[in-house]
> 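This is the structure I want to talk about, given as structure tokens.
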Amino acid sequence: MGKDQINAPKGVIEYVPPSSSHFEEVVTLLSILAKQFGYQPIVLPIFEETNLFQRGVGESTDVVQKEMYTFEDRGGRSLTLRPEGTAGVMRSVIENNLDRGQLPVKVFYTGPFFRAERPQKGRYRQFHQFGVEAIGYEDPEIDFEVIALANSAYQKLGLKQFTLQLTSLGDSQSRAAHRAELVKYISKLELDDETLQRAKLNPLRLFDDKRTEIQEMMKNAPILLDYLNQDSINHFEIVKKLLNSSSIEFEINPRMVRGLDYYTKTTFEFVHPLLGAQSGIGGGGRYDGLMSELGGQELSGIGFGLGLDRILLALEAEKISIVDNSQLDIFLVPINQEAKEFSALLAQVLRIHGLKVDIAYGNRSLKGGMKAADKQGAKYSCVIGEDELASRQLSLKNMMNEGVNVPSTISIPNLSQLEKIIASSNAVSQKGSNNLSNEGIELVHQIKKLLS
RNA sequence: GUGGGCGUAGCUCAGCUGGUAGAGCACCCGGUUGUGGUCCGGGAUGUCGCGGGUUCGAGUCCCGUCGCUCACCCCA
């Protein structure tokens, strides 16, 4: 730890080997799943005009009030690193006229998001989300689909201990009726200035306060669920029915509050019990007014964001590993200069033909090379030295067996033949036809046979 | 923005009432000439976060500072 050392900025999280493989695998699995549900990828900018979030996320939210990374570009425009995903998706859908085609528009995205908060476990200034949005369909079946997708995602990753919390915030009519009553209730409470200020911006926030005295005061506060109009009730009932029919367990949490202003009707949150204070591993809901608020058509939408960093923490907490560590087919261990060069070319041939191959770099001893092969989880190791190059016979040692095992022997070309094989292999990949020389066919065939 | 905890080898940490640093894991080498996993032996690494103070002497006490971490607010 030199004093000139430069460290990562406060509050960021980075994934380096070996945990980076887990991160990548999670993203891969979620992407595959989203495609199965009929969602297409969308790749969006990481910064947007500041206006977008002020209007889309809502001025009253903490996100906009104090957590945005906002800066001016050289042209004097105010830009902001995206604090969430939905607003940007809506902007892009409108701008690219995706809402003029077939509806609903179903997209998924992943990447980093930014909020200038005090970091703690599971909460970072740069964090990562995977999200989906379904835009332009207002019936409850799509609510069900989105929730089912999130639920399947956690299941597919192997998580067992998560729970789904569900409520309905109603439509604007229902909310107005409830808000009036709630404000009346809150006005009778004795609150400190800061809390009062917050309640003024959005009275629902008080339901989410973790301080016991506040919770005590809110015990008898009017609940939004009691103020839903018939349309909102019907919508919610169908969502619940579909969830029940598909055996997706949930609990109604009428005090659930989401941090973004745009949510209406169905809202939900997945929580995990082993994560500490930041227990939400994903959440979302319906946002029926958002698109018109941003200048688009009157189209409804629903989506979710899953916190990838928290999912990684949850996997760790449940001791689930989603990557296999037998990553290599063959690990080459060259033990002299000539063998090193030969190995470099041999590895190239095998890699071109789809085998996972690595070489013992930098280890001076044979034992060290073998240990490296073991650590990498290679299926076979292969020592290459004087004898092998002279006899043109390679012994592949099976690293998966315990105890004694007889090495399998294959014959190999010499260095100049290897060069020709590589040349012909390259021709294969370009033309798509099989130009591989006889030696090349024989070599690859021998090895693939061994591996199968 | 507020509060608690912690900063000692690459990692996890020990170091009682002050006497110039240790363990485990990891890493490297070796255990008869060229074969991993277990076992045994050996080895390298730290300005004890930084600065100042008290003291003959500070990782150990005091002050400051920086960093990390957990929690509140809030959220993924």
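Just so you know, these numbers come straight off a predicted model, no measurement behind them.
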> Quick one: do D329(A) and K379(A) make a salt bridge, cutoff under 4.0 Å?
yes
> Could you work out the separation of U45(B) and G5(B) based on their P atoms and round it to a whole Å?
36 Å
> Say you pick atom P in C28(B) and the same atom in U38(B); how far apart are they, in whole Å?
13 Å
> Between Y137(A) and E145(A), is there a side-chain donor-acceptor contact under 3.5 Å, judged purely by atom types and distance?
no
> In whole angstrom, give me the gap between the C1' atoms of U8(B) and G22(B).
10 Å
> Run the ring-centre check on Y39(A) versus F108(A) and record whether the distance is less than 6.0 Å.
no
> Can you find a donor-acceptor pair, distance only, under 3.5 Å between Q278(A) side chain and A71(B) base?
no
> Is there, by distance only and without an angle test, a donor paired with an acceptor across the side chain of D374(A) and the base of G37(B) below 3.5 Å?
no
> Could you give the distance separating C56(B) and U20(B) at their C1' atoms, to the nearest angstrom?
14 Å
> Suppose you measure atom P in G24(B) against the same atom in C40(B); what distance do you get, rounded to whole Å?
11 Å
> Hey, which sits more toward the 5' end of RNA chain B by its nearest nucleotide, V63(A) or S381(A)?
S381(A)
> Do D309(A) and K121(A) sit within salt-bridge range, that is, some charged N less than 4.0 Å from a carboxylate O?
no
> Would you say the side chain of R123(A) and the base of C70(B) hold a donor-acceptor pair, judged only by whether the two atoms sit under 3.5 Å apart?
no
> Whether E49(A) and R91(A) form a salt bridge (side-chain N of Lys/Arg under 4.0 Å from carboxylate O of Asp/Glu) is what I want to check.
no
> Using a 4.0 Å heavy-atom cut-off across all strands, classify N7(A) as base, sugar-phosphate, or nothing.
nothing
> Has Q120(A) got a side-chain N or O lying under 4.0 Å from the OP1 or OP2 atom of A71(B)?
yes
> Would you say K375(A) places a side-chain N or O within less than 4.0 Å of OP1 or OP2 belonging to G36(B)?
no
> Rounded to the Å, how far apart are R118(A) CZ and G67(B) P?
11 Å
> Flag as yes if F113(A) stacks onto the base of A76(B) (centroids under 5.5 Å, planes under 30°), otherwise no.
no
> Does C75(B) have OP1 or OP2 sitting under 4.0 Å from an N or O in the side chain of R205(A)?
yes
> Write down the distance separating the P atoms in G64(B) and C27(B), rounded off to the nearest Å.
43 Å
> Indicate, yes or no, whether a donor-acceptor pair under 3.5 Å links the base of G34(B) to the side chain of K367(A).
no
> Closest-nucleotide mapping onto RNA chain B: is V12(A) or L308(A) further toward the 5' terminus? I mean the 5' end.
V12(A)
> Suppose you measure atom C1' in C13(B) against the same atom in C50(B); what distance do you get, rounded to whole Å?
22 Å
> For residues Y15(A) and E24(A), is any side-chain donor paired with an opposing acceptor at under 3.5 Å?
no
> Please measure how far the P atom in A14(B) lies from the corresponding atom in G49(B), and state the result in whole Å.
13 Å
> Between the side-chain atoms of E388(A) and the base atoms of G34(B), is any donor-acceptor pair under 3.5 Å?
yes
> Between E67(A) (CD) and G1(B) (P), how many Å, whole number?
13 Å
